[in-house]
Amino acid sequence: MAAIPDKDTIYIDIDDEITGVIDKLHTSSSKVVAFVLPKRASVFQSIVNMKLLKRAADDAKKHLVLITSEAGLLPLAGAAGVHVAKTLTSKPEIPLAPQAISEDEETIGEDDGEPELTAETAGERPVGELAGAAAAAPLAADGMETLELDDDELPEEAAAPLAVAAGKPMPKKDKKLSVPNFERFRLLLIAGGVILVLLIIGLIFALTVLPKATIAITTDATNVPTNLDLNLSTTASSLRGSTIPAKLAQQQKTFSQQVATTGQKNLGSKATGQVTITNCSPDNSDIEIPAGTGVSAGGQTYITQSAASLPFSGHRNNGSCQSAGGITSATVGITAQGPGTQYNTGSGTSFSVTGYGNVNAKASGSISGGTDNNVQVVTQGDINNAKNKVNATDDTIKQALQSQLKGDGYYALTATYSTGTPATTTSANAGDVANNVTVTEAVTYTMFGVHESDLKSVVDKAIKSKIDTSKQSILDDGIGKANYNVSSNSATGGQVTFTTNATAGPELNTDTIKQQAAGKKSGDIRSQLKSNPDVTDVNVKLSPFWVTSVPKKASKITVTIAKPVNTTGKSNGSNP
């Protein structure tokens with residue numbers, strides 16, 4: 001088993017209570033327990049707490065030593081009989097207790113003093129009074145109970161108060177040897193480092209990130225009107241003159257509209273019967289009446305079902321047809337032209353024969369059998385009405401065609417957007433029995449697209465033919481603001497008139513200007529650019545306010561070339 005150490009050193013916290021201090025005493029397994037006290041330890045500034053601690057040490061059969069330099073605690077320790085040492089290497093001793101206070105009452109006069117303090121009379125007197133009494137009392141030189149301690153260290157700051165308490169002269173404090181506050185110094189050092197890093201980051205940000213420059217160039221530019229007749233061809237594989245390879249994007253969409261029918265139709269039975277026809281021709285001629293001849297009575301028409309052969313066999317007497325003997329008539333069957341009860345008629349009804357004015361006809365018995373069965377049917381007007389209500393307009397299709405061409409790498413010519421002839425179908429034909437009819441139209445929409453590089457090549461060629469390319473360059477080909485007029489359109493191509501105003505000006509390259517301006521002063525940049533005769537003005541703007549030269553990075557420089565505002569007097573559109 002490991003040997004139990006003879007002495008145990010325990011450091012007391014300033015916030016420890018007397019119960020906690022006693023627990024630490026009991027916890028220690030050593031015979032000699034040294035308590036190292038902090039400054040201004042309030043728990044030891046009570047004579048009661050000091051006596052409790054002494055009693056606990058005696059009960060545990062341990063020698064207690066207080067390591068402290070506070071003079072105010074010495075009288076209390078002396079009154080309780082507790083050993084005190086200035087350092088862990090000093091000889092422990094019990095300080096003298098305060099002198100006893102006299103119980104005799106004395107009249108307080110000018111020279112009256114405080115009663116003598118002793119361990120019995122101290123009680124809960126303030127530490128200051130005990131300290132004062134201890135300072136006034138002489139320290140005994142002999143008869144002190146002492147304990148031998150190991151050579152442990154005690155902070156030097158505890159030496160001076162203990163020296164005072166022991167009646168020794170207090171050494172003078174050397175200001176040059178004062179211990180610095182390293183914790184505060186470390187915090188200041190860290191704060192200074194953080195501030196330095198922030199300053200460096202801010203300086204880098206201010207000198208490299210924030211600086212920007214804008215160079216605005218005003219030029220003596222010219223508007224160049226450009227008109228071209230372009231041939232769009234889906235069969236062309238390469239650019240040839242004004243013929244540009246094109247792609248036809250198309251999309252079909254179906255629209256439908258339903259309307260109620262308005263026609264009526266009678267599906268009933270047709271009336272039938274017989275008529276007797278008599279020949280009363282004034283020219284005494286024979287008459288042949290073919291089958292299918294119409295006979296009418298009361299506004300209704302019937303159709304003969306067989307032919308009638310009528311030789312002349314009579315004469316007229318006072319305008320009436322008289323029989324002269326022999327066969328004078330023929331009986332044929334008839335059928336009503338349409339169904340319905342309105343065709344039914346009685347026996348003996350007179351009929352007129354269509355196309356035969358000199359022939360008499362009478363019903364041989366009743367004309368009957370006609371019935372009514374009226375139903376809804378489709379009329380041509382119903383179909384036309386549904387067609388007129390079909391709305392084949394859909395703006396989303398135009399956008400879809402543009403997206404389709406763009407996705408295929410083509411520049412959409414929106415002016416060529418075309419709506420094809422609808423392919424119309426109906427759910428029923430005119431005359432069909434139906435309560436409603438639906439008209440469906442399938443419409444094909446188309447739009448042409450070309451490669452922008454091909455269009456730019458044709459347009460640039462036309463513009464360059466109107467400017468002096470040795471002095472001028474194309475600043476804006478005008479494709480983005482051009483007008484297109486479609487003169488013809490087919491599945492394989494189209495004729496389009498291209499009209500725009502292009503802009504030509506001095507030969508200036510923005511990338512070159514950025515490289516030449518990098519790192520230079522504003523005045524140097526103006527002088528360099530104004531050496532070009534077509535440059536009328538140069539404005540260099542630097543930001544933020546502390547920047548005095550153009551940044552060295554081209555990405556921080558913006559170059560704008562002003563388009564012409566007034567080109568009066570220019571030879572616009574003419575060849576150089």
Side-chain angles (χ1 to χ4, degrees), residues 259-386 426-437:
V259 298
T261 56
T262 60
Q264 293 286 328
K265 188 175 183 178
N266 193 338
L267 297 181
S269 301
K270 294 180 180 181
T272 59
Q274 290 183 330
V275 293
T276 300
I277 304 174
T278 303
N279 180 2
C280 289
S281 175
D283 55 0
N284 301 325
S285 60
D286 296 335
I287 297 175
E288 292 288 336
I289 301 176
T293 300
V295 295
S296 301
Q300 308 297 331
T301 300
Y302 305 81
I303 306 300
T304 61
Q305 301 299 305
S306 60
S309 179
L310 300 174
F312 180 75
S313 61
H315 67 278
R316 286 184 176 275
N317 183 12
N318 296 325
S320 63
C321 184
Q322 300 290 329
S323 175
I327 299 176
T328 61
S329 63
T331 301
V332 297
I334 60 174
T335 300
Q337 189 178 36
T341 57
Q342 71 271 21
Y343 288 96
N344 296 333
T345 183
S347 177
T349 301
S350 296
F351 291 84
S352 62
V353 181
T354 304
Y356 299 90
N358 297 314
V359 174
N360 295 331
K362 287 187 178 181
S364 300
S366 63
I367 309 298
S368 61
T371 60
D372 293 322
N373 182 16
N374 295 319
V375 294
Q376 292 284 110
V377 295
V378 179
T379 66
Q380 187 61 43
D382 297 334
I383 295 175
N384 294 338
N385 183 27
T426 60
S427 61
N429 298 319
D432 291 347
V433 177
N435 291 326
N436 52 64
V437 60

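Hydrogens, waters and symmetry mates are skipped; everything else that's a heavy atom, side chains included, is used.
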N373 side chain to N266 main-chain N or O, any donor-acceptor pair under 3.5 Å? no
CG (D432) and CD1 (I383) are apart, to the nearest 0.5 Å, by 8.0 Å
Distance (rounded to the nearest 0.5 Å) between T349 OG1 and Q300 CD: 12.0 Å
CG of L267 to OG1 of T371: how many Å apart, nearest 0.5 Å? 9.5 Å
Just one of T301, I367, I303, T293 clears the side chain to side chain contact (heavy atoms under 4.5 Å, CB included) bar with I334, so which one? I367
Hits for side chain to side chain donor-acceptor pair (under 3.5 Å) against T354, two or more places apart or cross-chain, chain-then-number order -> none
Least distance between heavy atoms, S364 atom then T276 atom: OG-OG1, 2.5 Å
Quick one: closest heavy-atom pair of G369 and S269, and the distance? O-CB, 3.5 Å
State, to 0.1 Å, how close A330 and S309 come at their nearest heavy-atom pair, and which atoms those are. CB-O, 4.4 Å
May I ask you to test the N429-V378 pair for a side-chain heavy-atom distance under 4.5 Å? no
Summary of ring pair (Phe, Tyr, Trp, His ring centres under 6.0 Å) pairs that have at least one residue in residues 349-381, sequence neighbours excluded: Y302-F351
For T261 and T379: C-alpha separation, side-chain torsions, deciding distance, then whether side-chain contact (heavy atoms from CB on, under 4.5 Å) applies. CA-CA 7 Å; T261 56; T379 66; over 6 Å; no
What pair of heavy atoms forms the shortest contact from G340 to D372, and how long is it? CA-OD1, 3.0 Å
Audit row: K362, T278, side-chain contact (heavy atoms from CB on, under 4.5 Å) steps and yes/no: CA-CA 9 Å; K362 287 187 178 181; T278 303; over 6 Å; no
Without swapping roles, check the side chain of S366 against the backbone of G346 for a donor-acceptor pair under 3.5 Å. no
Using 0.5 Å steps for rounding, measure from the OG1 atom of T335 to the CD atom of Q305. 3.5 Å
Taken in chain and number order and not counting sequence neighbours, the residues that satisfy side-chain contact (heavy atoms from CB on, under 4.5 Å) with V332 are V275, I277, T304, S306, A308
Drop me the distance from N436's CG to T262's OG1, to the nearest 0.5 angstrom. 12.0 Å
